[in-house]
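Everything below concerns the one structure shown next.
To find a chain, count down the sequence lines: A is the first, B the second, and so on, and within it residues start at 1. All values below were derived from every heavy atom in this structure, side-chain atoms included, with hydrogens, water molecules and symmetry-related copies excluded.
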Amino acid sequence: MKRTRVRNILQAEAPFGRIMVKGWARTRRDSKGVSFIELNDGSCLANVQLVVDGASPAAQVLPEAAVGAAILAVGEMVPSPGKGQKFEIRVEELTVLGPAPEDYPLQKKRHSDEFLRTIAHLRPRTNKYGALLRIRSDLSFAIHRFFRERDFHYVQTPVLTGSDCEGAGELFRVTTLDGAAAGEAPRAGDFFGKPAYLTVSGQLEAELLCLGVGDVYTFGPTFRAENSNTPRHAAEFWMVEPEMAFADLEDNMNLAEALVRNLASFALEQCEEDLALFDRFVSPGLFESIRHTAETAFVRITHAEAVGVLAASGRDFQFPVDPEMDLQTEHERFLCEEHFKAPVVVRDYPASIKPFYMRLNEDGATVGAMDVLAPGVGEIVGGSAREERLDVLQARARACGLEEASYWWYLDTRRFGSAPHAGFGMGFERLIMMLTGVGNIRDVIPFPRTPNHLEF
RNA sequence: UCCCCGGUAGCUCAAUCGGCAGAGCGGGUGGCUGUUAACCACUAGGUUCGCGGUUCAAGUCCGUGCCGGGGAGCCA
């Protein structure tokens with residue numbers, strides 16, 4: 001007999017007859033002559049109710065069928081006489097596949113996020129993390145669907161890189177040698193014969209690919225060795241990085257906005273049951289906020305205009321508002337959470353604070369960069385038009401102190417058939433944070449990697 | 001890395017001015033003819049994060065280390 005998923009049972013129009021279910025007991029309630037087991041198999045948030053008659057042979061194994069136990073049940077699916085569920089299963093055969101002794105750490109009641117992080121191997125069995133995993137899965141699919149509908153190619157860029165000019169933070173060194181000390185120069189005999197790192201971005205390689213096959217995107221893990229201790233940073237996280245050929249900053253902003261709004265709509269349509277948990281317990285008003293993101297055009301301003309808004313606000317910021325400097329977190333929060341109360345796209349940043357590959361604007365002082373700032377999570381997208389003019393690119397790289405020899409291949413693409421192109425990176429975990437209202441990145445990734453944390 | 005806050009039962013927390021360490025939930029046992037985070041009764045459960053100090057007396061005050069959280073920087 002093939003097992004039936006709980007999701008299919010709960011969505012059924014009519015009973016299926018005699019079925020088999022397998023899952024984990026979330027709770028058991030005993031009366032004198034009857035016991036109820038709430039069974040969850042991860043196919044959806046809700047449980048199916050198993051009804052065990054106290055006089056039936058199945059009742060013999062009830063003591064083992066405690067909270068947390070893995071259970072197999074066979075019985076008749078029938079309309080439920082009780083309130084709270086359409087159908088239930090009258091159990092005929094009950095088998096405990098894997099008992100859960102009394103030291104099973106998960107209670108029927110709510111646990112703190114901090115505690116659950118210490119048992120990340122068991123937290124997928126909670127409602128909240130089960131919901132998060134399903135939402136991550138659905139949104140991954142939605143990302144692929146979004147780009148496929150727009151004729152993008154899904155490309156794979158390397159995780160191992162020899163390029164140290166990526167300009168996006170500290171890198172993890174990769175070595176096969178024992179005793180490679182921190183800060184030590186790479187030694188002879190190492191695997192690649194040159195320093196190797198974990199990638200901080202697939203962007204540079206995605207650019208090369210986009211200049212051959214047109215619009216592409218990557219979706220994969222990236223690594224930052226920054227000692228960042230905040231609820232929004234992890235050392236390993238997933239990024240979506242589209243790169244468009246023959247595109248400019250305007251195209252880039254349009255794509256970023258379309259992507260974020262499309263994913264918000266998708267979440268509302270496909271993840272409603274799971275999102276309802278977050279709307280109720282984690283972030284009241286979440287549905288309204290997602291709907292607003294999906295339906296409302298993003299605010300678009302230049303960096304200079306943003307500085308003007310901040311200066312005119314009369315607000316006493318801790319850091320000065322300076323047209324030559326980057327926006328501070330307090331500035332970004334003010335813009336999207338208080339002033340505009342919506343996602344804000346800020347463009348045309350001062351060249352001096354941005355990496356060499358961003359396209360220099362006609363004013364010679366700013367670059368065609370754009371960040372999407374989202375209420376609650378801050379920068380969710382960062383991107384730019386890429387500098388396609390060889391001489392300008394070389395001058396910018398020199399100003400940033402880069403050696404031409406280490407990125408000759410990148411320059412080659414500007415030497416041969418160079419074309420305008422643009423792209424961005426969207427942090428997948430930050431998107432999930434925005435769409436679930438979860439405040440800590442460690443709670444939207446199954447096994448978070450942060451400074452001093454490499455458990456599981 | 002810097003600043004602030006915290007660490008008490010398995011979990012979530014309380015403990016007044018330094019004066020006998022507690023509750024709810026969870027666990028165990030028993031009860032209850034259909035429950036919905038079931039309910040009722042009884043019960044077990046403590047290195048108050050570690051080390052050092054002040055004091056007649058420290059969960060409480062001081063020093064230090066470790067761990068957690070929030071904010072900042074860096075960024076997605």
Side-chain angles (χ1 to χ4, degrees), chain A residues 26-38 46-55 63 66-68 78 80-85 88 90 100-119 126-127 166-170 200-203 219 221-241 256 260 281 317-319 325-333 353-355 371-374 377-383 424-434 439-445 450-453:
Chain A
R26 282 292 168 75
T27 175
R28 193 186 78 216
R29 296 180 290 269
D30 300 317
S31 275
K32 179 149 192 178
V34 62
S35 286
F36 303 91
I37 296 171
E38 295 282 340
N47 310 313
V48 69
Q49 175 163 280
L50 307 181
V51 186
V52 183
D53 190 301
V67 173
V78 296
S80 176
K83 289 174 187 162
Q85 60 280 318
E88 63 187 24
R90 291 196 179 282
E102 65 198 49
D103 55 347
Y104 180 62
L106 292 172
Q107 298 178 19
K108 294 182 229 181
K109 294 188 77 164
R110 190 187 166 278
H111 291 282
S112 68
D113 292 335
E114 293 79 11
F115 171 68
L116 291 172
R117 268 172 229 154
T118 68
I119 52 168
T126 65
N127 287 337
E166 300 191 28
E170 293 295 311
V200 296
S201 164
Q203 178 203 315
F219 183 21
T222 48
F223 307 87
R224 304 278 166 90
E226 301 285 355
N227 187 18
S228 296
N229 284 290
T230 85
R232 295 178 294 282
H233 293 84
E236 176 180 348
F237 63 99
W238 280 58
M239 235 188 341
V240 180
E241 296 182 282
V260 173
F281 295 113
F317 293 108
Q318 189 189 341
F319 290 91
M325 284 168 55
D326 208 352
L327 300 176
Q328 301 292 315
T329 296
E330 59 174 343
H331 303 148
E332 296 181 347
R333 292 180 72 104
I353 59 167
K354 288 294 184 183
D371 284 356
V372 178
L373 311 176
V377 291
E379 185 180 345
I380 190 169
V381 169
F424 61 83
M426 180 184 74
F428 185 53
E429 280 74 21
R430 288 194 180 171
L431 174 86
I432 303 290
M433 289 171 76
M434 186 182 87
N440 197 313
I441 198 167
R442 289 164 217 154
D443 299 324
V444 297
I445 190 165
T450 53
N452 289 314
H453 290 89

Interatomic distance at P, B:A14 relative to B:A9, whole Å: 12 Å
B:G59: pairing nucleotide in any strand, Watson-Crick or G-U under 3.5 angstrom: none
Pair partner, B:U35 [Watson-Crick or wobble, under 3.5 Å]: none
For A:F281, all residues meeting side chain to side chain contact (heavy atoms under 4.5 Å, CB included), sequence neighbours excluded: A:L277
Separation of the P atoms in B:G27 and B:A38, to the nearest angstrom: 10 Å
Pairing residues for A:S35 by the side chain to side chain donor-acceptor pair (under 3.5 Å) criterion, not counting sequence neighbours: A:D30
Euclidean distance for P, B:G31 against B:A23 (whole angstrom): 26 Å
Near-parallel close stack of A:F36 and B:G34 base (under 5.5 Å, under 30°): no
Separation of the P atoms in B:G59 and B:G53, to the nearest angstrom: 15 Å
Donor-acceptor pair (no angle test) under 3.5 Å: A:R430 side chain, B:C75 base: yes
Distance-only donor-acceptor check, side chains A:N127 and A:R26, under 3.5 Å: yes
Atom pair distance, as rounded to whole Å: CZ in A:F115 and C1' in B:G7: 15 Å
For B:U43, the Watson-Crick or wobble counterpart (both distances under 3.5 Å): B:G27
Separation between the P atoms of B:G46 and B:U36, rounded to whole Å: 33 Å
Touch class at under 4.0 angstrom, heavy-atom based, for A:D371 against every strand present: nothing
Between B:A41 and B:G26 - P atom distance, rounded Å: 13 Å
A:D103 CG to B:G10 P, straight-line distance once rounded to whole Å: 12 Å
Distance in angstrom units between A:Y104 OH and B:G28 P, rounded: 14 Å
Nucleotide nearest A:T329 (side chain, heavy atoms from C-beta), chosen from B:G34, B:U33, B:A72: B:A72
Pairwise C1' distance for B:U33 and B:G68, with rounding to whole Å: 48 Å
A:R110 side chain near B:C25 phosphate (N/O to OP1/OP2, under 4.0 Å): no
Pairwise P distance for B:U16 and B:A72, with rounding to whole Å: 33 Å
